[in-house]
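Not measured: the values here are computed from a predicted model. All values below were derived from every heavy atom in this structure, side-chain atoms included, with hydrogens, water molecules and symmetry-related copies excluded.
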Amino acid sequence: MILHHHPFLPACRFARLALAEHAIEVDLTTEPFWEGRPEFVAVNPGLTLPMAYDNGRGPLIGARVLMEYVDERYGDMRSAHRLMPSDPMQRAEVRRLVDWFLVKFDDEVAGPLVMERILKLEIPNKRGGGAPDSGAMRQARHNIVGHMHYLGALTSSRHWLAGDSLSFADLAAAAALSSVDYLGEAPWDADPAVKQWYQRVKSRPAFRPLLTDKARLVAPAPHYADLDF
């Protein structure tokens, strides 16, 4: 596959994890979506990331679209380790949690922090870059506490977020948290169960490439790449 992405957008990190868990070979293309390249706009007028092509077929636009496509096309190869359960109610729960972390958590926490602390350093002022908004960051730091407690409730009552098996829900949540953790903004002391769950996901081979990402002008938190932090 060819994956157009930005390394620190949670939806793109989720796509990378999903593809890696399915052992799909990927060529990554960093897409400065704010530039609105004519070739990009022509096939993706919404400027949505991630966007993928599978052996020339596509585009597959959006993390949820890519998730469903990967499961339908490649899920059978995982046999007992499929990331989308067979039971309809469990599948619904996976989709609900994927939306929670790629939409709600992104709107309230990861999106503002990544925008203010990473993207605004890359985006020209005339396209929305510039100085960070301290109010937006303060609100995101307030919001994350409630999300950590919700994650704690899930991880305390289930082996994985959506049930007994690793699923797309875990990848979506870990992808979103990883962007925040890079910035040192994840309050891991809020709930020990969340930290233990995240360490399990972070230790998977699929996660390793994310731990080598480096943002322009923003160094990772000292513990970011440590599996036992």
Point to revise | side chain to side chain donor-acceptor pair (under 3.5 Å) against Arg204, all qualifying residues, sequence neighbours excluded | key: Glu21
All ring-ring contact (aromatic ring centres under 6.0 Å, His included) counterparts of [X], not counting sequence neighbours:
| X | value |
| --- | --- |
| His4 | none |
| Tyr224 | Tyr182 |
| Tyr150 | Trp100 |
| Phe14 | none |

Point to revise | Single-linkage hydrophobic cluster Val180~Leu227, side-chain heavy atoms < 4.5 angstrom | key: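 Yes, because Val180 and Leu227 connect within a single hydrophobic cluster, where side-chain heavy atoms sit under 4.5 Å apart.
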Check your understanding: Are Phe105 and Leu119 linked, directly or through other ILVMFWY residues, by side chains that come within less than 4.5 angstrom of each other?
Key -> yes
Review point. Salt bridge between Asp213 and Arg16, side-chain N to carboxylate O under 4.0 Å?
Key: yes
Check your understanding: Any side-chain donor-acceptor pair under 3.5 Å between His22 and Asp71?
Key -> no
Review point. Taking the six-membered ring of Phe8 as reference, does the NZ or CZ atom of Lys214 fall below 6.0 Å from its centre and within a 45° cone about the axis?
Key: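 No.
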Exercise for review: Determine whether Lys104 and Val109 make a side-chain contact, defined as any pair of heavy atoms from C-beta on separated by less than 4.5 Å.
Suggested key: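 With C-beta onward as the side chain, the pair stays apart.
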Point to revise | For Gln90, all residues meeting side-chain contact (heavy atoms from CB on, under 4.5 Å), sequence neighbours excluded | key: Pro85, Asp87
Revision key, fill the gap. Nearest heavy-atom contact between Leu102 and Asp106 is O-CB, 3.4 Å
